[in-house]
Amino acid sequence: MFNLLRMDLYRLRRSRSVYVCFGLLLAASVVVFVMLWLLAVPQGQENALRIGMLTEDGVETSRSILDGVDVLELFRQTALDGGMYNVTMGICIMLFVCADYQGGFIKNIMAFHENRYLYVGSKVVTAGILNAVFLAGHFAFTLLLNWMFKDMVPWTDIRDVMFYLAWAWLLTTAFGALEIFVCICTRSAAAGSLAAVLLGSGMVVMVLYGLLNMFHAGGWLNYTIYLSFSTGPSRYTSVQDLRTFAVGAGFLILYTAAAGIVLKKQDI
């Protein structure tokens, strides 16, 4: 699998879509910081009043937006809790995996590597590495923006940051494995994109959650990737907070194995 992984990482490094997707995440962070500065920081509010973005009556109310918010909480709310990160990552992974099928390169790979589980394993490990780089880079950029905006929100204990990023990485890598599974099943970029948007944003889960809750039967959906991600803890307080690790590991193993089984049965 090492040769496959090395090839995948080389292709990933040269893929333009990776830089575009990462750039979109950073651009979203800039927009959020600018908006918060205009709405919640006195100096920014002066500019917001001048351009008519804010009224005198709304000044005091807007200042409460950042109450109780630290760097980690802002990082979560910027893209991760709402699903933007998963959608962007999912599309990036879709483009990477589907390129093998669209160009017919998958036939050459399978000719040299008969064990198709190695192919899936390489893709999942590549997704995990890409995910780690995206998460670390995105958080580092958030710290930089906060410094540039003169510590608009307070800093977070490094132990809380490491705990959150650890389970966030596991859950988002599990979502990456799900996206790989969808792409292998359908061999379609359109289906992969649709899955990234509908599943990554939580649209399917939340609609299903609302319907099932009408019959008090939606509790099990709290263990899905999306809801585990959105409601997961920002800091470790008890053993219960480790649930997100179990959910992430379980889905990662499940979707990786399922993708390998499907690929093994496919006629390449």
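Side chains included, hydrogens not; waters and symmetry mates left out as well; all remaining heavy atoms used. Keep in mind that what you see is a predicted model, and the values were worked out from it rather than measured.
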Any idea which heavy atoms bring Ala177 and Val124 closest together, and the distance?
CB-CG2, 4.4 Å
Are the side chain of Trp155 and the backbone of Val71 linked by a donor-acceptor contact shorter than 3.5 Å?
no
Please give me the minimum heavy-atom distance between Arg76 and Ser234, naming the atom from each residue.
NH1-OG, 2.9 Å
Answer whether the closest heavy-atom distance between the side chains of Phe245 and Leu171 falls below 4.5 Å.
no
In Å and rounded to the nearest 0.5 Å, what is the OG to CD distance from Ser188 to Gln102?
8.0 Å
State yes or no: do Leu135 and Val20 share one hydrophobic cluster built from I, L, V, M, F, W and Y residues joined by side-chain heavy-atom distances below 4.5 Å, directly or via other members?
no
In Å, rounded to the nearest 0.5 Å, how long is the span from OG1 of Thr244 to CG of Leu170?
8.0 Å
Taking the side chain as everything from C-beta on, heavy atoms only, tell me whether Glu179 gets closer than 4.5 Å to Tyr255.
no
Please say yes or no: joined through hydrophobic side-chain contacts below 4.5 Å, possibly via intermediate residues, are Val262 and Met94 part of one cluster?
no
Please identify each residue that fulfils side-chain hydrogen bond (donor to acceptor under 3.5 Å, both in side chains) with Asn86, with sequence neighbours left out.
none
Enter the distance from Thr256:OG1 to Phe181:CZ here, rounded to the nearest 0.5 Å.
11.0 Å
With rounding to the nearest 0.5 Å, note down the distance linking CZ in Arg235 to CG in Asp157.
8.5 Å
Measure the spacing between CZ of Phe75 and CG of Asn146 and express it to the nearest 0.5 Å.
13.0 Å
Testing Val30, Val32, Leu145 for side-chain contact (heavy atoms from CB on, under 4.5 Å) with Thr78, which one passes?
Val32
According to a 4.5 Å side-chain heavy-atom criterion applied to Ile, Leu, Val, Met, Phe, Trp and Tyr, with indirect links allowed, do Leu25 and Val133 form part of one hydrophobic cluster?
no
Can you list the steps and then say if Phe175 with Met89 is a side-chain contact (heavy atoms from CB on, under 4.5 Å)?
CA-CA 9 Å; Phe175 182 77; Met89 267 290 298; 5.6 Å; no
Under 4.5 Å between side-chain heavy atoms, counting indirect links through other Ile/Leu/Val/Met/Phe/Trp/Tyr residues: same cluster for Leu95 and Val18 or not?
no
Tell me if a side-chain donor or acceptor on Ser122 pairs with a main-chain N or O of Leu118 at a distance below 3.5 Å.
no
Donor-acceptor check, side chain of Ser17 to backbone of Cys92, threshold 3.5 angstrom: yes or no?
no
Is it possible for you to say whether Ile184 and Ile91 belong to one hydrophobic cluster, with membership spreading through side-chain heavy-atom contacts below 4.5 Å?
no
If you link I, L, V, M, F, W and Y whenever their side-chain heavy atoms are under 4.5 Å apart, who else ends up in the same group as Tyr209?
Val205, Met206, Leu208, Leu212, Trp220, Leu221, Tyr226, Leu227
Please state whether the rings of Trp167 and Tyr164 are parallel, tilted or perpendicular, taking 30° and 60° as the class boundaries.
perpendicular
Could you go through the side-chain contact (heavy atoms from CB on, under 4.5 Å) check for Phe229 and Val247 one step at a time?
CA-CA 10 Å; Phe229 201 94; Val247 172; over 6 Å; no
Exercise answer: donor-acceptor pairs, residues 195-204 side-chain atoms, under 3.5 Å, sequence neighbours excluded:
from	atom 1	to	atom 2	distance (Å)
Ser201	OG	Val197	O	2.4

Apply side chain to side chain donor-acceptor pair (under 3.5 Å) to residues Asn131 and Tyr85 and explain how you reach the verdict.
CA-CA 10 Å; Asn131 186 24; Tyr85 182 87; 2.6 Å; yes
Check step by step if side-chain contact (heavy atoms from CB on, under 4.5 Å) holds for Val97 and Lys123.
CA-CA 8 Å; Val97 175; Lys123 288 292 186 286; 4.1 Å; yes
Step-by-step side-chain contact (heavy atoms from CB on, under 4.5 Å) determination, Leu254 to Phe251:
CA-CA 5 Å; Leu254 173 65; Phe251 278 115; 4.2 Å; yes
Taking all non-hydrogen atoms of both residues, which atom of Glu73 and which atom of Asp70 are closest, and how far apart?
N-OD1, 2.8 Å
Would you verify whether the NZ or CZ of Arg243 falls within 45 degrees of the ring axis of Tyr223 while also being under 6.0 Å from that six-membered ring's centre?
yes
Using the six-membered ring of Phe96, assess whether NZ or CZ of Arg11 lies under 6.0 Å from its centre and within 45 degrees of the ring axis.
yes
Donor-acceptor under 3.5 Å (Asn222 side chain, Gly219 main chain)
yes
Is the shortest heavy-atom distance from the side chain of Phe163 to the side chain of Asp241 under 4.5 Å?
yes
Looking at every non-hydrogen atom in both residues, tell me the closest pair between Leu263 and Arg116 and how far apart they are.
O-NH1, 2.7 Å
Which heavy atom of Tyr19 sits nearest to which heavy atom of Arg13, and what is that distance?
OH-O, 2.6 Å
Which value, rounded to the nearest 0.5 Å, describes the distance between His138 atom NE2 and Leu143 atom CG?
10.5 Å
Does atom CH2 of Trp147 have more than 12 heavy-atom neighbours from other groups under 6.0 Å away?
no
For Leu5 and Thr126, work out which heavy atoms get closest and say how close.
CD1-OG1, 3.4 Å
